[in-house]
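In what follows, a single structure is set out as structure tokens and then discussed.
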Amino acid sequence: MKLLITGGAGFIGSHFIHYLLKSRPQAEVINLDLLTYAGNLENLKDLESEKRYRFVKGDILDTELVNSLISGCDGIINFAAESHVDRSISGPGTFVQTNVVGAQRLLENAKKNKMRLLQVSTDEVYGSLGEQGQFTESSPLEPNSPYSSSKAASDLMCRAYFHTYNADVVVTRCSNNYGPFQFPEKLIPLMIANARAEKSLPVYGDGLHVRDWIHVKDHCAAILLVFEKGRAGEVYNVGSNEEWPNIEIVKRILNELKRPESLISFVKDRPGHDRRYALNSSKIQKELGWRPEIPFEKGLKETIGWYLNNEAWVQNLLTGEYLKYYEEQYS
Ligand code: NAD
Ligand code: DAU
């Protein structure tokens with residue numbers, strides 16, 4: 001199996017490449033990544049001399065480049081995206097370019113070359129839940145942020161390519177990932193970094209917004225299973241039923257790092273902030289036999305440990321661009 005992985009230098013994509021090469025000894029990977037602020041080749045440093053792995057710096061919007069790379073491939077898995085909700089609020093344009101136009105161009109490439117494309121989508125396409133209930137694959141798509149709207153557009157474009165052109169497309173909609181190598185703009189690594197530095201921990205609104213947290217390795221296992229065995233044209237929810245309010249996670253991090261809760265600072269809420277996500281994942285469990293294996297408590301402890309042991313990895317990302325972003329976002 002030879003795959004084009006797009007966005008493989010990011011958080012989930014880099015975990016997936018490691019997972020694929022380890023679990024499928026015959027697999028080969030071409031990783032196409034534009035190396036935006038979120039792309040980091042440090043995540044893949046151990047693969048530099050791996051013969052089954054090749055990195056190409058480039059844009060998923062570059063159809064000719066993609067076309068040349070996929071000759072001889074068996075499929076495409078698209079991780080490439082602008083992925084941070086807060087950045088989509090301050091600058092939605094690149095989200096439309098990469099997440100919508102880029103994904104459509106990849107679909108066109110996959111269709112022409114008659115190969116499977118897996119689109120890595122998100123639970124955010126469904127919008128927000130009240131205190132009860134879960135999203136199923138047939139829940140309506142009601143995205144509320146420029147990020148989730150752009151992901152919903154690409155997700156629906158997959159549907160259109162299947163129904164209109166009979167293209168071989170599968171979609172996964174996963175909940176919030178956590179684990180090593182996550183860019184420190186996202187909740188868990190941001191709070192670990194700030195707690196470590198004894199800086200204030202900015203919690204949006206009342207801190208009672210709920211996310212369903214899944215370890216990135218469990219997500220990667222689901223993606224490979226759906227790519228290999230999922231039915232064309234189908235969508236698969238991927239969640240772990242680990243629902244936690246943000247404030248609870250922040251307190252656990254402080255507790256683990258032995259820092260006082262007085263570091264918590266309740267700040268202005270994110271506009272359009274979705275209150276709760278929860279996924280019903282019985283389809284992927286029944287059809288493909290997938291189950292999440294890493295309990296949140298264990299995974300969070302290990303993740304905190306990883307960040308504490310890899311301070312240099314975090315420090316390398318705190319460049320001028322990030323510091324400017326942080327200043328604008330939290331000032
Ligand atoms: P990330 O921001 O860490 O990585 C995105 C990667 O895409 C980066 O390496 C970046 O350089 C690359 N990229 C961006 N624009 C590109 C372009 N035009 N061409 C080529 N490469 C480009 O994101 P992530 O958290 O790893 O998420 C990966 C995918 O999974 C995204 O599609 C995201 O929407 C989806 N997803 C994420 C989560 C989560 O909790 N992080 C949950 C569900 C789904
Ligand atoms: O649900 C899947 C989605 O999860 C993915 O599609 C996105 O790519 C990914 O970024 C993530 O989106 P969220 O917006 O849920 O993740 P984030 O880590 O940005 O925020 C998690 C929660 O924490 C959310 O309710 C907002 C809150 N938060 C976040 C930050 C960065 C804070 O309270 N303070 C913060 O500083």
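Counting convention: from 1, in listed order, for ligands and their atoms alike.
Ligand-side atoms of ligand 1 in range of Asn176: 40 (O), range being under 4.0 angstrom from any heavy atom. Heavy-atom contacts of Val85 reach the following atoms of ligand 2: 14 (O) (cutoff under 4.0 Å). The ligand atoms of ligand 2 that sit less than 4.0 angstrom from a heavy atom of Asp123 are 1 (O), 2 (C). The distance from ligand 2 to the heavy atoms of Tyr330 drops below 4.0 Å at these ligand atoms: 30 (C), 31 (C), 35 (C), 36 (O). Every atom of ligand 1 is numbered from 1 in the order shown, and the set under 4.0 Å from a heavy atom of Asp59 is 17 (C), 18 (N), 19 (N). Heavy-atom contacts of Lys151 reach the following atoms of ligand 1: 31 (C), 32 (O), 33 (C), 34 (O) (cutoff under 4.0 Å). Ligand 1 places these atoms under 4.0 Å from at least one heavy atom of Phe11: 3 (O), 25 (O), 26 (O). Near Ser83, meaning under 4.0 Å from one of its heavy atoms, ligand 2 places the atoms 7 (C), 8 (O), 9 (C), 10 (O). The ligand atoms of ligand 1 that sit less than 4.0 angstrom from a heavy atom of Ser121 are 43 (C), 44 (C). Of all the atoms in ligand 1, the ones that sit under 4.0 Å from a non-hydrogen atom of Tyr147 are 33 (C), 34 (O). For ligand 2, the atoms sitting less than 4.0 Å from at least one non-hydrogen atom of Leu190 are 36 (O), numbered in the order shown with element in parentheses.
Distance alone, capped at 3.5 Å, places no donor-acceptor pair between the Thr6 side chain and the Leu32 backbone. Remark: the backbone N or O of Pro143 is not paired with any side-chain donor or acceptor of Ser148 at under 3.5 angstrom. Side-chain atoms of Tyr204 never come within 3.5 Å of backbone atoms of His273 as a donor-acceptor pair (strictly under, hydrogens ignored). For the pair Asp168 (side chain) and Lys114 (backbone), a donor-acceptor distance under 3.5 Å is absent. With hydrogens and angles disregarded, a donor-acceptor distance shorter than 3.5 Å links the side chain of Arg52 to the backbone of Ala27. Within the 3.5 Å criterion, the main-chain N or O of Asn241 finds a donor-acceptor partner in the side chain of Asp212. Under the 3.5 Å distance criterion, the side-chain polar atoms of Arg105 are left unmatched by any main-chain donor or acceptor of Asp62.
Checked against a 3.5 angstrom limit, the closest N/O atoms of Glu185 and ligand 2 fall outside it. Of the polar atoms of Arg270, at least one N or O is found under 3.5 Å from an N or O of ligand 2, judged by distance alone. Ligand 2 has no N or O atom lying under 3.5 Å from any N or O atom of Val203, backbone or side chain. Backbone and side-chain nitrogen or oxygen atoms of Pro202 are examined, and one is located within less than 3.5 angstrom of a nitrogen or oxygen of ligand 2. For the pair Ser175 and ligand 2, the shortest N or O to N or O distance does not fall below 3.5 Å. Between Tyr277 and ligand 2, not a single N/O pair is under 3.5 Å apart. Residue Thr122 has at least one N or O atom closer than 3.5 Å to an N or O atom of ligand 2.
Ion pairing between Glu287 and Lys229 fails under the 4.0 Å rule for side-chain N and carboxylate O. A salt bridge is defined here as a Lys NZ or Arg NE, NH1 or NH2 lying under 4.0 Å from an Asp or Glu carboxylate O, and Arg173 with Glu124 fails to meet this definition. Glu243 has a carboxylate O that lies under 4.0 Å from a charged side-chain N of Arg276, or vice versa, which qualifies the two as a salt bridge. A salt bridge links Glu328 and Lys324; the closest N-O separation between the charged side-chain nitrogens and carboxylate oxygens is under 4.0 Å. By the 4.0 Å N-to-carboxylate-O rule, Asp206 lies close enough to Arg275 to be salt-bridged with it.
Here the shortest heavy-atom distance to atom 30 (C) of ligand 2, taken over Tyr204, Tyr126, Trp213, belongs to Tyr204. Looking at Ala80, Gly7, Ser175, it is Ser175 that brings a heavy atom closest to atom 42 (C) of ligand 1. Looking at Asp33, Thr6, Ile12, Val125 and measuring to atom 41 (N) of ligand 1, the nearest heavy atom belongs to Ile12. Scanning Asn43, Ile223, Thr36 for the heavy atom closest to atom 10 (C) of ligand 1 points to Thr36.
At a 4.0 Å heavy-atom cut-off, ligand 2 touches Lys186 through backbone and side chain alike. Within the 4.0 Å heavy-atom criterion, both parts of Ile60, backbone and side chain, lie near ligand 1. At a heavy-atom distance under 4.0 Å, no atom of His84 approaches ligand 1. At a 4.0 Å heavy-atom cut-off, ligand 1 touches Leu35 through the backbone alone.
The closest protein non-hydrogen atom to atom 43 (C) of ligand 1 is Cys174 O, 3.4 Å. Among protein heavy atoms, the minimum distance from atom 29 (C) of ligand 1 is reached at Phe79 O, 3.3 Å. For atom 1 (P) of ligand 1, the closest non-hydrogen atom on the protein side is Ser83 OG, 3.5 Å. The shortest contact between atom 21 (N) of ligand 1 and any protein heavy atom is with Leu34 N, 3.1 Å.
How far NZ of Lys217 is from OH of Tyr178: 10.5 Å, rounded to the nearest 0.5 Å. Rounded to the nearest 0.5 angstrom, Asn194 CG and Leu254 CG are separated by 10.0 Å.
Contact analysis puts Gly58 in contact with ligand 1, with a non-hydrogen atom separation below 4.0 angstrom. Heavy atoms of Ala9 approach ligand 1 to within less than 4.0 angstrom. By the 4.0 Å heavy-atom criterion, Tyr178 is excluded from the residues contacting ligand 1. Using a non-hydrogen distance threshold of 4.0 Å, Lys151 does not register as a contact of ligand 2.
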Under the criterion salt bridge (charged side-chain N to carboxylate O under 4.0 Å, His left out), I'd like the reasoning laid out for Glu108 against Lys111: C-alpha separation, chi angles, the key distance, then a yes or no. CA-CA 5 Å; Glu108 197 56 30; Lys111 174 180 87 124; 3.4 Å; yes
Stepwise side-chain contact (heavy atoms from CB on, under 4.5 Å) test for Asn177 and His15: CA-CA 11 Å; Asn177 285 221; His15 275 278; over 6 Å; no
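When each of Leu201, Leu263, Leu190 is tested with Val250 by the rule side-chain contact (heavy atoms from CB on, under 4.5 Å), just one qualifies, namely Leu201. When each of Phe181, Phe79, Phe11 is paired with Phe16, the ring pair (Phe, Tyr, Trp, His ring centres under 6.0 Å) condition holds for Phe79 and for no other.
For Arg196 and Tyr307, the positive end is not near the middle of the six-membered ring at less than 6.0 Å and at most 45° from its axis.
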